[in-house]
Amino acid sequence: MSRIPLIAGNWKMYKTGPEAVETGAHLASLSSDVSDVEIMIAPTHLSLALVSHALKGTRVKTGAQNLFHEDEGAFTGEVSAKMIKSAGAEYAIIGHSERRQYFQETDQSVCKKVQAAVAGGLKPILCIGETETQRDQGKTFFILDKQVSDGLKASGPGDLEDLVLAYEPVWAIGTGRTASVEQVEEVHRHLRSKISTLFSNELADRTRILYGGSVKPDNVSDLMSIEDVDGALVGGASLDADQFIKIINFNK
Ligand code: PEP
C-alpha cells in the first residue's frame, strides 16, 4: 500500500495569533504547488481556529497539540476533541514527550485521549519514544512496545484507520541530535510489525509512522529514504516557513 507522506509541524508554545496566521499564510503560499505530500501544522489551541480559518482551501492542514478526553464539563483550562474539530483541525498530536515529561501524561491518559480524538473525528498522531537512559539500558523496544500497546489498548482496528505514529526519541527532540538511519530503520520496522501483531497486517500497512527529533532541511532526505518512514514531525524547524518548506520538499 502506498502511504502519502505526512510532514507535520509542532509549533509548541510559540507564536501569538497574528504571528501564527502570518507564518501559516506564508507556508500556504510556498506550498501551493506541493501535490504528493500532506502538510499539517499544529499551532497553540488559542491560534488554532484563526489559523485553520486562514488556511481553508490551501494545502496546509491543521492539528492540535493536545486535547482532554472528556467532551465537555467542569475541567478548567482543558479543550475537547469536539472543540478542536469545530476550530477546523483535522489532526491531534497525543502523548508528546514534553506532555509526558512536564504535565504527567501517562500511557493511561494517552489511551483515553486517542479514543476521544477518534470519537471526535480527529486523526490521532500518537507520539512515543525512549529517553537516553532507557536506550543506554537496552530498554528501547520494551518502552516503545508498552507505549504503543497501552496507548492503543482501548481501540479496535476499526477505530485506528487514520492512526499516525510518531517515533520521537526523547534525546533527539530539540537537541540537534538526530537518530541514525540504522536506529530509525530498526525502530520503524519494529513498530510496523507491532501494529500488525496487535491489530492486523492491513492496519500495519496503512499506518503512517513519522520520525521526529531535530529534523532539518539537511537531514530530511536521508530520513525519508528509509523504507518505513512515512513522514516527519518537526518542532523547531517548522516555525520558519522558509525552512519548513525545504523539509516538505524533501523529494525535490
Ligand atoms: C517535536 O517537537 O516533536 C520535535 C521533534 O522537535 P524538534 O524538531 O525541535 O526536535
Side-chain angles (χ1 to χ4, degrees), residues 5-15 19-20 23-24 27 37-45 47-48 51 60-67 89-103 105 110 113-114 117 122-132 134-135 140 143-144 147-148 151 163-181 183-184 187-188 191 208-224 226 228-250:
L6 171 63
I7 305 290
N10 171 16
W11 284 359
K12 312 194 186 201
M13 199 176 75
Y14 290 101
K15 299 186 189 292
E19 288 165 350
T23 308
L27 182 65
V37 176
E38 197 178 344
I39 308 165
M40 187 278 272
I41 51 176
T44 65
H45 283 334
S47 302
L48 190 55
V51 173
V60 185
K61 299 175 174 177
T62 58
Q65 299 175 17
N66 179 36
L67 54 79
E90 186 169 325
Y91 286 90
I93 298 172
I94 296 173
H96 190 280
S97 65
E98 286 153 15
R99 297 223 44 96
R100 295 179 191 254
Q101 186 179 352
Y102 304 126
F103 302 98
E105 290 206 6
V110 164
K113 290 181 184 208
V114 170
L122 296 168
K123 298 175 179 171
I125 301 181
L126 170 59
C127 299
I128 55 171
E130 81 286 1
T131 63
E132 185 157 38
Q134 289 164 339
R135 178 165 277 273
T140 299
I143 295 294
L144 296 174
Q147 289 174 336
V148 171
L163 172 70
V164 178
L165 276 185
Y167 169 53
E168 301 207 296
V170 179
W171 48 272
I173 297 182
T175 59
R177 291 171 62 196
T178 318
S180 69
V181 165
Q183 286 169 328
V184 176
V187 166
H188 280 232
L191 290 173
R208 287 178 293 180
I209 308 179
L210 315 185
Y211 169 77
S214 298
V215 176
K216 306 277 182 248
D218 60 2
N219 60 21
V220 66
S221 309
D222 285 349
L223 291 161
M224 289 302 296
I226 302 169
D228 284 304
V229 173
D230 307 308
L233 182 52
V234 185
S238 71
L239 292 166
D240 178 335
D242 294 305
Q243 287 298 303
F244 195 37
I245 192 68
K246 292 183 190 159
I247 295 178
I248 292 163
N249 285 330
F250 66 89

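In this text, all values refer to a predicted model and were calculated from it rather than measured experimentally. Both ligands and their constituent atoms are indexed starting at 1 by order of listing.
For the pair Lys61/Glu38, a side-chain contact is recorded, criterion being any heavy-atom separation below 4.5 Å from C-beta on.
The nearest protein atom to atom 8 (O) of ligand 1, hydrogens excluded, is given as Gly235 N, 2.8 Å; this is a heavy-atom distance. The single protein non-hydrogen atom nearest to atom 3 (O) of ligand 1 is Glu168 OE2, 2.7 Å, given as residue, atom name and distance. In terms of protein heavy-atom proximity, atom 1 (C) of ligand 1 is closest to His96 NE2, 3.2 Å. Atom 9 (O) of ligand 1 has as its closest protein heavy atom Gly236 N, 2.9 Å.
Under 4.0 Å from ligand 1, the heavy atoms of Asn10 that appear belong solely to its side chain.
Looking only at distances, a side-chain donor or acceptor of Gln147 sits under 3.5 Å from a matching main-chain atom of Gly129. In this structure, the side chain of Arg99 does not engage the main chain of Val110 through any donor-acceptor pair within 3.5 Å. Asp222 places no side-chain N or O within 3.5 Å of a backbone atom of Asn219 that could act as its donor or acceptor partner.
The shortest separation from a heavy atom of Ala237 to ligand 1 is not under 4.0 Å, leaving the residue out of contact. For Ala172, the closest heavy-atom approach to ligand 1 falls below 4.0 Å.
Relative orientation of the His188 and Tyr167 rings is perpendicular, given thresholds of 30° and 60° on the angle between their planes.
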For this session: I would like to know whether Lys15 and Thr23 meet side chain to side chain donor-acceptor pair (under 3.5 Å); could you show each step before the answer?
Result: CA-CA 9 Å; Lys15 299 186 189 292; Thr23 308; 3.1 Å; yes
For this session: Before giving the answer on side-chain contact (heavy atoms from CB on, under 4.5 Å), spell out for Val220 and Val234 the whole-Å C-alpha distance, their side-chain angles and the decisive distance to 0.1 Å.
Result: CA-CA 10 Å; Val220 66; Val234 185; over 6 Å; no
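Taking every non-hydrogen atom of Gly213 and a distance limit under 4.0 Å, the qualifying atoms of ligand 1 come out as 5 (C), 10 (O). Close approach to Lys12 involves these atoms of ligand 1, each under 4.0 Å from a residue heavy atom: 1 (C), 2 (O), 6 (O).
Annotation: Gly174 places an N or O atom under 3.5 Å from an N or O atom of ligand 1; distance criterion only.
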